[in-house]
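Each remark here refers to the structure printed beneath this line.
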There are 2 protein chains.
Amino acid sequence: MTPNPTLRDVALLSGVSIMTVSRVINAEWEVTSATAQRVREAIEALGYRPNPLARSLRTGHDEALGLVVETIGDPFFAAMTEAVEESARKAGLFLIIASAGKSPEEERAVILDLLHRSVSGLIIVPCLLAYGKERLPIGAGGVPVVFVDRPPIDLEADTVLVHNEDGVRHATAHLIAHGHRRIAFAGTGIERFSLQRRFEGYCNALGDAGIEYDPSLVVSYTPDTRDHPPALTKVLTLRDPATAVLSANEMASLEVVRELHSLARTDIALVSFDDFAIAESLTPPVTVARQDPALMGRTATYLLLRRIRGDTSPPRHVLLSTTFLERGSGEIEPRSTSDLRSQAGTGLPQPVPVRAPPN
Amino acid sequence: MTPNPTLRDVALLSGVSIMTVSRVINAEWEVTSATAQRVREAIEALGYRPNPLARSLRTGHDEALGLVVETIGDPFFAAMTEAVEESARKAGLFLIIASAGKSPEEERAVILDLLHRSVSGLIIVPCLLAYGKERLPIGAGGVPVVFVDRPPIDLEADTVLVHNEDGVRHATAHLIAHGHRRIAFAGTGIERFSLQRRFEGYCNALGDAGIEYDPSLVVSYTPDTRDHPPALTKVLTLRDPATAVLSANEMASLEVVRELHSLARTDIALVSFDDFAIAESLTPPVTVARQDPALMGRTATYLLLRRIRGDTSPPRHVLLSTTFLERGSGEIEPRSTSDLRSQAGTGLPQPVPVRAPPN
DNA sequence: TCACGATTTGATAACGATATCATCCGCTCG
DNA sequence: CGAGCGGATGATATCGTTATCAAATCGTGA
């Protein structure tokens with residue numbers, strides 16, 4: 001209830017000047033151990049704690065990191081956020097979280113606000129902003145920054161990414177190896193960088209196997225979980241329907257599982273990019289390419305702390321790899337070729353060739 | 001790259017004093033529209049934004065809310081956090097998140113740190129600290145505070161809780177109504193308030209039905225997901241084993257599902273307190289008592305903003321109710337009494353029967 | 001024309017810390 | 001014995017705002 005004690009109060013009580021107190025707090029040297037002792041007792045007695053606002057105002061940097069993320073509700077980012085918060089707190093830093101908003105302007109404003117708070121560093125999951133053109137005082141010469149999950153457009157800075165293309169390419173090849181040729185690609189926020197790379201991986205794997213890419217097999221969910229039309233149903237009822245699904249992120253996987261389950265289509269193979277809570281307890285258990293969001297968060301924080309402590313080496317690009325876990329859903333074979341052919345025979349695909357390809 | 005412009009710069013450019021600029025920014029009155037216009041142009045030209053640190057230092061309150069939560073990794077709290085962040089940002093406030101740490105001292109330190117940052121208000125999920133005895137300058141006469149999910153020990157303040165006891169009582173009664181008398185209770189962090197209340201609900205429902213409480217049916221997981229021994233197996237292999245499980249929070253439910261699934265015990269009934277991602281896509285779909293973490297977050301923020309704007313009415317206690325969703329797993333009947341008797345008769349628990357059970 | 005209230009503006013002191021430089025003190029050394 | 005030195009301490013300006021009160025300005029009525 002009583003106002004917080006200040007340096008002044010401590011100085012008064014211990015009979016020294018505020019500078020001496022300040023020195024005791026910040027640096028042990030240059031102050032006699034006797035007086036230091038007296039000051040420390042006064043600090044203890046009053047329960048003094050330095051005011052971080054005043055300190056930041058004067059020094060120009062705060063004992064806090066800023067995290068800009070699109071949404072913490074996404075379980076992937078929630079896990080990452082937790083890891084960042086934990087690492088930051090271990091280093092004695094607070095974490096200020098802000099979501100990026102819906103437009104580049106908002107994203108910019110959010111970052112400017114954080115910078116005005118003199119955060120010591122920023123971890124950013126870039127969404128909509130073209131960072132290179134913004135001339136924000138971040139990166140080399142400005143506030144240290146680490147980009148996570150997606151690279152900043154047009155800017156060189158520390159970046160932590162997962163090997164999206166590789167992971168999905170492998171996952172898709174896995175499905176192909178099990179006999180699938182009609183593989184749907186499902187994702188939320190498909191226009192985002194990481195999804196784009198995953199999409200490339202998907203296309204490349206198809207290309208490697210000589211399978212033509214069919215845009216009608218792409219399912220795009222909105223990031224908003226609330227209203228999802230049964231988007232998957234469409235690709236499963238095409239004339240030449242999908243026999244397997246590659247879902248490209250956790251939220252999409254949840255949707256896909258929900259849909260497959262409500263359709264009772266346990267014959268459809270599924271590989272999920274991103275592991276999720278009870279993937280292994282589903283029927284069938286879901287084969288996944290697992291990213292480690294916590295590792296990502298820890299890595300980003302580690303790089304950021306190095307920068308804050310003065311590391312000026314060239315920007316680093318960390319590429320985390322994924323772990324492929326075969327659990328069952330990814331190893332389902334398509335219905336026999338004859339089945340397929342007869343099915344394909346009944347119908348005419350969308351625009352696609354008029355006549356089914358030979359064999 | 002150039003340092004942020006300050007009031008001084010704007011004043012210089014527009015040919016007025018810094019006070020006039022300050023007035024233009026904070027209050028339109030008392031300044032001629034002509035000069036105001038000039039000042040606004042200068043602000044625009046320089047891209048000036050007020051420094052929140054300096055402002056907070058001077059005024060004693062920051063445009064930020066503080067959130068203290070045990071762990072954001074818990075999906076329930078992640079969803080709540082997202083809702084809080086969203087509401088706060090709509091009100092033009094930042095959100096500073098801090099996790100409470102592992103001891104009362106840490107929790108106290110975290111709150112003091114936030115207070116030193118002059119946050120306008122705090123939302124706290126109290127963990128270990130006895131708030132009544134701490135004499136923290138929060139609540140009436142101090143910084144507005146709203147407690148969430150658990151009530152503060154020994155302190156009167158705005159609180160948002162779910163009706164834990166009711167929800168679990170109903171869920172347990174539901175299992176009993178379906179013929180179960182041996183119902184396990186599973187939870188993580190069982191010593192916490194909300195789990196305690198849920199436990200009470202469980203006990204009360206048993207009492208209502210005249211079933212004796214058996215402590216050997218309680219499964220306590222640690223909040224740490226990493227190493228969970230197969231705790232559930234024990235209660236399923238008792239001489240008089242559980243035929244149903246009531247899992248008391250989301251993380252426990254995930255564990256229970258994992259265990260039941262790996263044991264292939266689809267004969268065990270399950271009701272989960274807390275809905276979770278693909279509960280309805282499991283086999284069988286999981287019956288749940290659903291809390292709404294987003295509603296909880298929004299409600300808390302709403303109450304807090306009212307307080308910040310000067311509401312001094314007596315503390316409010318909001319009690320959110322749960323929604324019961326029958327999906328299948330909670331409606332499984334126990335094996336017939338004869339089956340049970342024969343099993344119980346043949347069997348010695350752990351090393352499993354030597355001989356396969358008949359039929 | 002001048003004095004007067006009402007309004008708009010400005011000068012200056014906080015807020016609570018740190019940076020910078022000056023001062024003080026006790027030593028050593030010439 | 002006094003100059004010089006170095007380590008400990010203190011006085012003061014400063015960070016970018018807002019609060020407070022004083023000053024300037026204006027229009028108006030006697």
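Here the structure is a predicted model, which is why all the values come from computation and not from measurement. Per chain, numbering begins at 1; letters A, B, ... match sequence-line order.
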Handout entry: Beyond-backbone contact of A:M80 with A:L67, side-chain heavy atoms, under 4.5 angstrom
Key = yes
Completion exercise
Between CZ of B:R117 and P of C:dG16 the distance, given in whole Å, is 16 Å
Exercise for the section: Rounded to the nearest angstrom, tell me the gap between atom CG in A:L57 and atom C1' in D:dT18. Expected result: 13 Å
Problem - Closest nucleotide among D:dG16, D:dG10, C:dT18 to the A:T20 side chain - result: D:dG10
Practice task
State whether A:S22 places a side-chain N or O below 4.0 Å from either non-bridging phosphate oxygen (OP1 or OP2) of C:dT18.
Solution key: yes
Problem - Short side-chain N/O contact to C:dG10 OP1/OP2 from B:S17, under 4.0 Å - result: yes
Problem - Candidates D:dG16, D:dT18, C:dA17 - which lies nearest the side chain of A:L7 - result: C:dA17
Practice task
Send over the distance from B:H61 NE2 to C:dC15 C1', rounded to a whole Å.
Solution key: 13 Å
Exercise for the section: Select base, sugar-phosphate, or nothing to describe what B:S56 touches, counting heavy atoms under 4.0 Å on all strands. Expected result: nothing
Completion exercise
Note: for A:I18 and A:H116 on DNA chain D, the residue whose nearest nucleotide lies more 5' is A:I18
Handout entry: Sugar-phosphate only, base, or nothing, as touched by B:P50 at under 4.0 Å among non-hydrogen atoms
Key = sugar-phosphate
Problem - side chain to side chain donor-acceptor pair (under 3.5 Å) evaluation trace for A:T71 with B:E82 - result: CA-CA 7 Å; A:T71 148; B:E82 182 181 31; 2.5 Å; yes
Exercise for the section: Please state whether the base of D:dG16 and the side chain of B:R49 form at least one donor-acceptor pair under 3.5 Å? Expected result: no
Fill in the blank from the handout: Of B:T59 and B:V16, the one whose nearest nucleotide on DNA chain C sits closer to the 5' end is B:V16
Handout entry: Proximity to the side chain of A:M19 - top-ranked nucleotide from D:dA19, D:dG16, C:dT18
Key = C:dT18
Exercise for the section: Would you indicate, yes or no, if D:dT18 has its OP1 or OP2 atom less than 4.0 angstrom from a side-chain nitrogen or oxygen of B:N26? Expected result: yes
Handout entry: Exercise: do A:E107 and A:Y131 side chains pair donor with acceptor under 3.5 Å
Key = yes
Exercise for the section: Calculate the interatomic distance between A:D62 atom CG and C:dT18 atom C1'; express it in whole Å. Expected result: 15 Å
Problem - Minimum side-chain heavy-atom gap A:F193-A:I153 below 4.5 Å - result: no
Exercise for the section: Spell out yes or no: do the side chain of B:R58 and the base of D:dT18 have one donor N/O and one acceptor N/O closer than 3.5 Å? Expected result: yes
Handout entry: Check: A:M19 and A:V24 side chains under 4.5 Å, non-hydrogen atoms
Key = no
Problem - Atom-pair distance (CD on A:E63; P on C:dT18), nearest Å - result: 10 Å
Practice task
Calculate the interatomic distance between B:D9 atom CG and D:dC15 atom P; express it in whole Å.
Solution key: 11 Å
Problem - Atom-to-atom span, CZ of A:R23 to C1' of D:dT9 - whole angstrom - result: 6 Å
Handout entry: Nearest-Å distance for atom pair CG/P, residues A:L46 and C:dG16
Key = 14 Å
